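A short worksheet on the structure shown next.
Quick note on labels: first sequence line is chain A, next is B, and so on, each numbered from 1. Not measured: the values here are computed from a predicted model.
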Amino acid sequence: MSADLSLFNREAALLVQQYPELEHVMIKGKIPFVHGQLLLKDEAGDVITEYSIRMEPGPDYPNWFPWVFETGGRIPINIDWHIFENKGNCCIASAPEEALICRKGITLTSFVRFQVIPYFFNQLHRERMGFFLNERSHGNLGHLEFFMEEFETKDLSIVIKLLNEARSRKEPKSNSRCICGSKRKYQKCHRPAVRKIAALTNMELDHYLKIANDFIRDRKVPKEESITNF
Amino acid sequence: MANCDHLFSKYNDEIRIGSKKNGRMMDSKNALRKRIRKWFKDNHPEYEPKFFIQGSYKMKTGIRTKDDICDLDDGVYFFRKPDVTGTTLQGWIWDAVNGYTDTDPEHRKKCIRSIFAGDYEIDHPVYYKIDGAPYRIAVKDAEFEDSDPKEMVDWFNKKKDKEGRLIAQVMNLKGWCDHKRNKMPSGLAMTILASNAKSKIVLNERADITLRDILKEIKKALDNKFECIVPAVPGDDLFASYDQTRKNNFMDALSDFISDADKALQEDNELTASKLWRKHLGDRFPLGEDKQQNQSQTRVNSAIITGAATSNPWGK
Ligand SMILES: [Zn+2]
Ligand SMILES: [Zn+2]
């Protein structure tokens, strides 16, 4: 797989119209990129701060996020700051989240607005206050936290039931009881979340099911205090 | 989300070597240098001592301990090959400084220590150097060892930032070890660990955030490999002699400090946050005011919180 560079270029041209502090660079024979200043503004539109960034198509845009780099030396290349140490790119979301967002369809403009800007606001939060407002645990636990948040449960066995439900590719009748055990009707309970998660492939769902089952088998059921975002 | 940066500034002022004490210590250093020069002139004129201040004083990371003691390393250098053992050469320094302080000087492994009771200590490590060979330090009951104290100072000077944040953090860490005592690592070890940690992070403007970040990087490095290599000839591992108990003692203290530092950063009340820092730095760390903080920044902070609300970064 490789990134769709002509799509990247078309979208980059639109992006820089909305974000004039960013510049779209195309050099013949080289991978195109966008770089410049990312302004973080308050509700009144006043600039709070700006980050120097560079955005590249990455290995598989638009199936995966483009790569974003902070180029001003303001954030260390350190996984605890959510920068991947091998490439130096920002780790913006857990893998299942990223997959689902991309499958729903992204453009560079929506990516910057809904992913990159919030990510840098979170970096600013860490810089000013010493901690990220929200963040996922590293590794597989971070994936499970995402599913627990989506399914609004801290119970991994319910996560597994609902992942299996998505994996079955057939829906229960809308007015039957939800499989989570809540006694509510499926359509009023977990149907929207399961439909959303069902956009993952069988391979992906099997992968996350295995992670969840491994956690339960190894009794590594995440402790409540280690789970963020609730 | 109490910002305790101003409390750290006060704490640094509190543990820094004050100007009066510093003045007394400089006078003593000069008097001892004079005695040593005279002693060699009278007894061994073929040995001409030269002096070089080194160690924490040179790096400006010296602190006053909670018993109000500080120290100064004044290296004695001979630019010739000695025809006596290291122990004998140290003994000559002992003879030279003996009688200046009320208590006898201590003949330690790598220095002669003059104790100015209740005030400070002046250490005289002894070196010789000949052209084309490394500096060699005299070691008690052994021969000379390769050792270049300037190398460590140069290394630290390259690591440090011009705002003095690394120096302040080394002082904080030394203050922590002094407060805990109980065989915590030496000031030199904390200087090395902090400097190594510094190159993995970006120093924050806020001292409280930077301290927590440095503690975490130190823990990461030591979890990976429990060692503390002196970045100068002969590259000693300062932790090589640590047994399991001493190692666990330090690692546990480190984990406790990190956990309270995290809590302090998330705490809104300045007094409550300051008490968390005090648990580890002792009561020379000032108490904060009993008030909720960050009111003045509410507008910007709330914009940041709104802006960050949908971000959930992750990591492998
Ligand atoms: Zn991350
Ligand atoms: Zn349900």
Could you give the distance from CD1 (Ile77(A)) to CD1 (Ile201(B)), rounded to the nearest 0.5 Å?
-> 14.0 Å
Mind running side-chain contact (heavy atoms from CB on, under 4.5 Å) on Asn301(B) and Met129(A) for me, showing each step along the way?
-> CA-CA 9 Å; Asn301(B) 277 355; Met129(A) 282 160 265; 3.5 Å; yes
Leading residue by heavy atom contact count with chain A [cutoff under 4.5 Å; candidates Asp213(B), Asp262(B), Asn204(B)] = Asp213(B)
Is the shortest heavy-atom distance from the side chain of Val300(B) to the side chain of Asp42(A) under 4.5 Å?
-> no
Determine whether more than 12 heavy atoms belonging to other residues, nucleotides or ligands lie under 6.0 Å from atom CD of Glu43(A).
-> no
Given Trp314(B) and His143(A), is the side-chain contact (heavy atoms from CB on, under 4.5 Å) satisfied, shown in steps?
-> CA-CA 9 Å; Trp314(B) 163 79; His143(A) 299 331; 3.1 Å; yes
What do the steps show when you test Ile48(A) against Arg299(B) for side-chain contact (heavy atoms from CB on, under 4.5 Å), and what is the final call?
-> CA-CA 11 Å; Ile48(A) 302 172; Arg299(B) 207 178 73 88; over 6 Å; no
What part of Thr210(B) is in contact with chain A, defined as an atom under 4.5 angstrom from a non-hydrogen atom: side chain, backbone, both or neither?
-> neither
What do the steps show when you test Val202(B) against Ile75(A) for side-chain contact (heavy atoms from CB on, under 4.5 Å), and what is the final call?
-> CA-CA 6 Å; Val202(B) 169; Ile75(A) 308 172; 5.9 Å; no
Interface residue of largest heavy-atom contact number with chain B, from Arg126(A), Glu85(A), Glu98(A), under 4.5 Å = Arg126(A)
For atom NZ of Lys180(B), decide whether the heavy atoms of other residues, nucleotides or ligands shown that lie under 6.0 angstrom number more than 12.
-> yes
Below 4.0 angstrom, N of the basic side chain to O of the carboxylate: do Lys220(B) and Asp80(A) qualify?
-> yes
Got more than 12 heavy atoms from elsewhere within 6.0 Å of NZ, Lys150(B)?
-> yes
Considering non-hydrogen atoms only, spot the tightest contact between Arg128(A) and Ile209(B) and give its length.
-> O-CD1, 3.9 Å
Greater than 12 external heavy atoms within 6.0 Å of Arg113(A)'s CZ | no
Can you check whether Phe121(A) reaches Thr306(B) side chain to side chain, under 4.5 Å on heavy atoms?
-> no
Between atom OG of Ser311(B) and atom CZ of Arg136(A), what is the distance when rounded to the nearest 0.5 Å?
-> 9.5 Å
Are a donor atom and an acceptor atom from the side chains of Lys216(B) and Asn78(A) found within less than 3.5 Å of each other?
-> no
Atom NZ of Lys66(B) with >12 non-hydrogen neighbours under 6.0 angstrom = yes
Checking Glu217(B) against chain A: side chain, backbone, both or neither under 4.5 Å from a heavy atom?
-> side chain
Verify, without hydrogens or angle tests, whether Asn122(A) (side chain) and Asn312(B) (backbone) share a donor-acceptor contact under 3.5 angstrom.
-> no
More than 12 foreign heavy atoms under 6.0 Å from NZ of Lys159(B): is that the case here?
-> yes
Option that, when pairs with chain A are counted at under 4.5 Å, heavy atom only, ranks first among Ala309(B), Ala303(B), Gly307(B) | Gly307(B)
Correct closest heavy-atom pair for Pro313(B) and Cys91(A) would be CB-O, 3.4 Å
Distance (rounded to the nearest 0.5 Å) between Ile304(B) CD1 and Gln123(A) CD = 12.5 Å
Are the side chains of Met1(B) and Phe131(A) in touch, meaning some heavy atoms are under 4.5 Å apart?
-> yes
Should we say atom NZ of Lys200(B) is surrounded by more than 12 heavy atoms from elsewhere, each under 6.0 Å from it?
-> no
